[in-house]
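Source: prediction; values computed, not measured. Start at 1 and go down the list; that is how both ligands and their atoms are numbered. Computation of the quantities below employed the complete heavy-atom set of this structure, encompassing side-chain atoms and omitting hydrogens, waters and symmetry-equivalent molecules.
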Amino acid sequence: MERKGIKIIKGNVEEIIKELNKALSDEWLAYYQYWLGEKVVKGKFRDQAAKELGEHAADELKHAGMLADRIIQLGGTPVLKPEDWYKLTNCGYDAPENPEVIPVVKQNIKGEQCAIEVYQKLAEMLKDKDPISYYMVLSILKDEIEHEDDLINLLEDIQ
Ligand code: FE
Ligand code: FE
Ligand code: MG
């Protein structure tokens with residue numbers, strides 16, 4: 001049966017699904033980067049940093065869930081294969097090759113700044129087209145801004 005919830009969208013639904021899948025790929029890579037960062041981070045302020053990284057990992061996983069649910073609601077398919085995360089990602093993945101607190105935190109700040117840009121652009125694209133995706137993206141953007149703020153504060157505490 002035709003879905004009114006999809007019919008009210010003024011934009012190109014396929015295009016919206018594509019952008020949401022790109023963001024979903026970003027979120028999985030961000031999740032793993034934080035999840036692994038929490039495990040491997042070492043040195044002075046290790047515990048404080050690990051706690052923050054662990055909290056952010058949980059948030060990124062929550063974002064992935066929100067995006068996947070919305071993609072399905074729009075009639076799309078969430079990216080099916082992890083190998084496609086690398087093809088679709090906007091922000092990429094930064095391996096924590098140097099596990100010292102400062103480089104790990106800096107890598108994640110870079111990731112958050114990329115995420116803020118991506119969600120800001122997505123919000124502009126969705127505004128007046130798809131109010132539900134727009135609302136979701138704003139709520140994710142709010143979290144990413146908090147993440148950036150937390151990590152910059154952490155870095156300033158350390159330095
Ligand atoms: Fe996120
Ligand atoms: Fe984040
Ligand atoms: Mg935090």
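The Fe ion (ligand 2) lies at 2.8 Å or more from every N, O or S atom belonging to Glu148.
Residues Glu60 and Asp26 form no side-chain contact, since every pair of their non-hydrogen atoms from C-beta on lies 4.5 Å or further apart. Counting heavy atoms from C-beta outward, Lys39 and Leu53 have side chains that stay 4.5 Å or more apart.
A search for side-chain contact (heavy atoms from CB on, under 4.5 Å) contacts involving Lys18 returns Glu15, not counting sequence neighbours.
Residue-and-atom listing of protein N/O/S atoms under 2.8 Å from the Mg ion (ligand 3), sorted by chain and number: Glu52 OE2, His56 NE2, Asp150 OD2.
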Glu52 vs His56, side-chain hydrogen bond (donor to acceptor under 3.5 Å, both in side chains): CA-CA, chis, key distance, verdict: CA-CA 6 Å; Glu52 198 66 54; His56 290 194; 2.9 Å; yes
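With waters left out, the protein N, O or S atoms under 2.8 Å from the Fe ion (ligand 1) add up to 5.
Asn21 places a side-chain N or O within 3.5 Å of a backbone atom of Thr77 that can act as its donor or acceptor partner. In this structure, the side chain of Asn153 engages the main chain of Asp149 through a donor-acceptor pair within 3.5 Å.
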Could you go through residues 100-115 and list every donor-acceptor pair under 3.5 Å that involves a side-chain atom there, pairing it with any protein atom two or more places apart or in another chain?
{"unit_1": "Gln107", "atom_1": "NE2", "unit_2": "Ala95", "atom_2": "O", "d": "2.9"}
{"unit_1": "Asn108", "atom_1": "OD1", "unit_2": "Gln33", "atom_2": "NE2", "d": "3.1"}
{"unit_1": "Asn108", "atom_1": "ND2", "unit_2": "Val104", "atom_2": "O", "d": "3.1"}
{"unit_1": "Lys110", "atom_1": "NZ", "unit_2": "Asp94", "atom_2": "OD2", "d": "3.0"}
{"unit_1": "Glu112", "atom_1": "OE2", "unit_2": "Tyr34", "atom_2": "OH", "d": "2.5"}
{"unit_1": "Glu112", "atom_1": "OE2", "unit_2": "His147", "atom_2": "ND1", "d": "3.2"}
{"unit_1": "Gln113", "atom_1": "NE2", "unit_2": "Glu148", "atom_2": "OE2", "d": "2.8"}

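Cluster membership for Ile140 and Tyr135, using ILVMFWY side-chain heavy atoms within less than 4.5 angstrom, is not shared.
Trp28 and Tyr31 have perpendicular rings, their planes meeting at more than 60° on a 0 to 90° scale where under 30° would count as parallel.
When all heavy atoms of Leu154 and Ala49 are compared, the closest pair comes out as CD2-CA, 3.9 Å.
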